[in-house]
2 protein chains.
Amino acid sequence: MIKAERQDLILEHLLKDKKVLLDQISKVLKVSEDTVRRDIKELSDKGLLKAVRGGAIQRSSIPVHFKDRQHIDVPYKKIIAEKVLEYIKPGMVLLVDSGTSALAVVSNLPKDIALTVVTNSFPVASILEDHEKIEVLFIGGMLNKVSFSTTGYETIQAIRNIRADLCLLGICSIDLNLGVTGAEYEDSLIKRVMVETSKCTIALSTSDKLGTSDSFYICAANSLNIIITEADPKSVNLSAYVDAGIEIR
Amino acid sequence: MIKAERQDLILEHLLKDKKVLLDQISKVLKVSEDTVRRDIKELSDKGLLKAVRGGAIQRSSIPVHFKDRQHIDVPYKKIIAEKVLEYIKPGMVLLVDSGTSALAVVSNLPKDIALTVVTNSFPVASILEDHEKIEVLFIGGMLNKVSFSTTGYETIQAIRNIRADLCLLGICSIDLNLGVTGAEYEDSLIKRVMVETSKCTIALSTSDKLGTSDSFYICAANSLNIIITEADPKSVNLSAYVDAGIEIR
DNA sequence: ATATTTGTTGCAAATAATTGCAAAATGAAA
DNA sequence: TTTCATTTTGCAATTATTTGCAACAAATAT
């Protein structure tokens, strides 16, 4: 039995019983409790269930739809998420966009950090349900029922009223000459305003997106303060970015 | 039995009976009274109930968690929901508040009706995921993690920019002289603005709430256009309301 | 005022989570 | 296939949480 299969069974069991007990399920799956515990931890990180002492229960809030979070845990996103954490200090106001990379960062936030998170993404907001010290300011607007985030005039106007300490910009293409670009028009508009109004912007990218471009302009490359990729900044040659005044991690 | 499960049961019991007694529930759950006491303390800290000597009672109106609301479909809500449908015509702009009654109405909407729904409630928005012809305008603001709805300055300002055809006002107390009142301050503020800016307001109430009052003023009784209750309008004497120009259903 | 019930606090036993580690399994490259 | 590196898994020691109990305090009832 492989790990993914086991985790599917845990979720299945959860659907039926509304709860999973470590000792029971470990016997069913014929693995140690430690292993199940680790599985539950992983699933919990993805937001697919809620780990509690002795097992797991269903996540309360928002419907199944968001379970596209499957993709969150792609290893490189975890790496990126951890690098970002160094920049997040208690008391900050974070502006978080609606991509899965930003979601990965948010789901890796420590449980007890005090922050204000501003976002237009239902998944981001709902994952913060149990972070008691995080205040969530949700940005309204027209609801996109696929990404479960808001867009449009209202959203942009609302963001203009925010001056965040840190903006987490989900993956987009970055080119020194062509600037930061995105594949979706509405989303790019919003990202643009987010960058404009934030004191500091961290782009969450992958190294293969560097030097590429997409259809919709977001901002100049040097509007970014920091670019975080999954790669070791020493191993790839990114000196051109550093020369442009962008910190690379 | 897991702690989380136990606490869920306490809340469930509370929903049915309006109260929980330490000695009773501790026998049902097969734990000591001390443990239940501690559970109630925790739930009380989260604002999910009110601890009293000997047990716990429901916290005035609000926050029943989304999770719990979904499963408990009190029949009268269904009756009310169906009565409301007669007033909802294609093309309308609906302003929907964050109460459970309004949620019940929304979940009874036909799949293919074309509407614009404006709401500050996550559950309302997410229930409309599959209604392809319903546009959802979500009202931003500070997120209340218990009711999963937004409140505060931003929310109120955003509502001021809407002029809905129909406002669905969740259950609150209604008295001809004292007006419409609510038990939660923030929630009442929002309801007030909703009524002010809408062309027509339907109050979703239960007959026992008529003639009662709560702490926070929302609007004058005759600001309501229609009151819908679970009861047959002929069976109860509501002529005073009709005389005041309010339609009763 | 006294008796009875309920709450509080501190404590110890039981239970669960975390961490570090080594063995086993898996996968990729030679 | 074999080898090497990585991941996964189980185990043990440590740490943390939960729970029931008992002694005492506070509130309520008689």
Side-chain angles (χ1 to χ4, degrees), chain A residues 1-11 13-14 17-59 70-82 85 104 107-113 130-133 230-232 235, chain B residues 1-11 13-14 17-46 48-57 59:
Chain A
M1 164 128 31
I2 92 173
K3 192 167 80 163
E5 193 180 348
R6 211 173 48 221
Q7 298 192 348
D8 280 349
L9 285 172
I10 292 176
L11 289 174
H13 191 275
L14 192 63
D17 281 14
K18 303 194 185 301
K19 64 170 179 185
V20 171
L21 302 178
L22 276 173
D23 55 345
Q24 283 179 16
I25 200 79
S26 70
K27 277 171 201 153
V28 175
L29 301 176
K30 295 184 172 50
V31 290
S32 75
E33 290 193 18
D34 300 73
T35 302
V36 179
R37 200 173 278 122
R38 276 182 277 234
D39 283 340
I40 286 178
K41 176 78 166 48
E42 280 182 33
L43 294 168
S44 169
D45 286 345
K46 290 186 206 169
L48 296 173
L49 48 69
K50 180 170 176 180
V52 296
R53 189 169 219 265
I57 56 175
Q58 289 178 319
R59 251 196 99 66
Q70 307 279 8
H71 311 296
I72 281 189
D73 205 35
V74 185
Y76 70 77
K77 288 201 180 142
K78 192 124 192 167
I79 296 172
I80 294 176
E82 272 160 20
L85 287 187
S107 49
N108 274 288
L109 284 174
K111 272 274 185 290
D112 59 343
I113 192 173
D130 298 318
H131 291 70
E132 291 179 10
K133 294 183 181 168
E230 84 295 352
D232 182 341
S235 70
Chain B
M1 164 119 41
I2 277 179
K3 190 167 80 161
E5 194 184 359
R6 214 173 45 220
Q7 299 191 347
D8 277 354
L9 286 172
I10 292 175
L11 288 175
H13 187 101
L14 196 62
D17 282 14
K18 314 251 181 230
K19 66 174 179 189
V20 171
L21 299 178
L22 276 175
D23 56 345
Q24 283 179 16
I25 199 78
S26 70
K27 278 170 200 153
V28 175
L29 301 177
K30 296 183 173 45
V31 290
S32 74
E33 290 192 18
D34 300 73
T35 301
V36 178
R37 200 172 278 124
R38 277 182 276 233
D39 283 340
I40 286 178
K41 175 79 166 46
E42 278 183 34
L43 294 169
S44 169
D45 288 345
K46 287 187 195 164
L48 295 171
L49 49 69
K50 179 163 186 191
V52 295
R53 192 182 167 83
I57 55 174
R59 201 161 162 271

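Chain letters run A, B, ... following the sequence lines, proteins first and then strands; every chain starts at 1.
- Checked by distance alone, A/R38 brings a side-chain donor or acceptor within 3.5 Å of a matching partner on the base of D/dG10.
- Atom P of nucleotide C/dG7 and atom CD of B/E33 are separated by 8 Å, given to the nearest angstrom.
- Counting to the nearest Å, the C1' atom of C/dT6 and the CD1 atom of B/I40 are 12 Å from each other.
- Straight-line distance from the CG atom of B/L21 to the P atom of C/dT5: 15 Å, rounded to whole Å.
- Distance check, rounded to the nearest 0.5 Å: CD1 of A/I57 to CD of B/E5 gives 9.0 Å.
- Separation of atoms CD (A/Q7) and CG (A/L49) is listed at 9.0 Å; rounding is to 0.5 Å.
- Rounded to whole Å, atom C1' of D/dT9 lies 15 Å from atom CD1 of A/I2.
- Computed from coordinates, the B/E5 CD to D/dT18 C1' distance equals 16 Å when rounded to whole Å.
- When each of B/R37 and A/L22 is assigned the nucleotide of DNA chain C bearing its nearest heavy atom, the one mapping closer to the 5' terminus is B/R37.
- Within 4.0 Å (heavy atoms only), B/V52 reaches sugar-phosphate atoms of the nucleic acid but no base atom.
- The residues A/D130 and A/K50 are annotated as salt-bridged, a charged nitrogen and a carboxylate oxygen being separated by less than 4.0 angstrom.
- One interatomic measurement links the two molecules: CZ of A/R6 to P of C/dA25, which rounds to 14 Å at whole-angstrom precision.
- Per the geometry, CG belonging to A/L29 stands 14 Å off C1' belonging to D/dT9, to the nearest Å.
- Of the inter-residue distances, the one linking B/Q24 atom CD with B/H13 atom NE2 reads 6.0 Å to the nearest 0.5 angstrom.
- The side chain of A/K3 has D/dT8 as its nearest neighbour among D/dG10, D/dT19, D/dT8.
- Following rounding to the nearest Å, B/Q7 (CD) and D/dT19 (C1') show an atom-to-atom distance of 13 Å.
- For A/R53 against D/dT18, no side-chain N or O and base N or O form a donor-acceptor pair under 3.5 Å.
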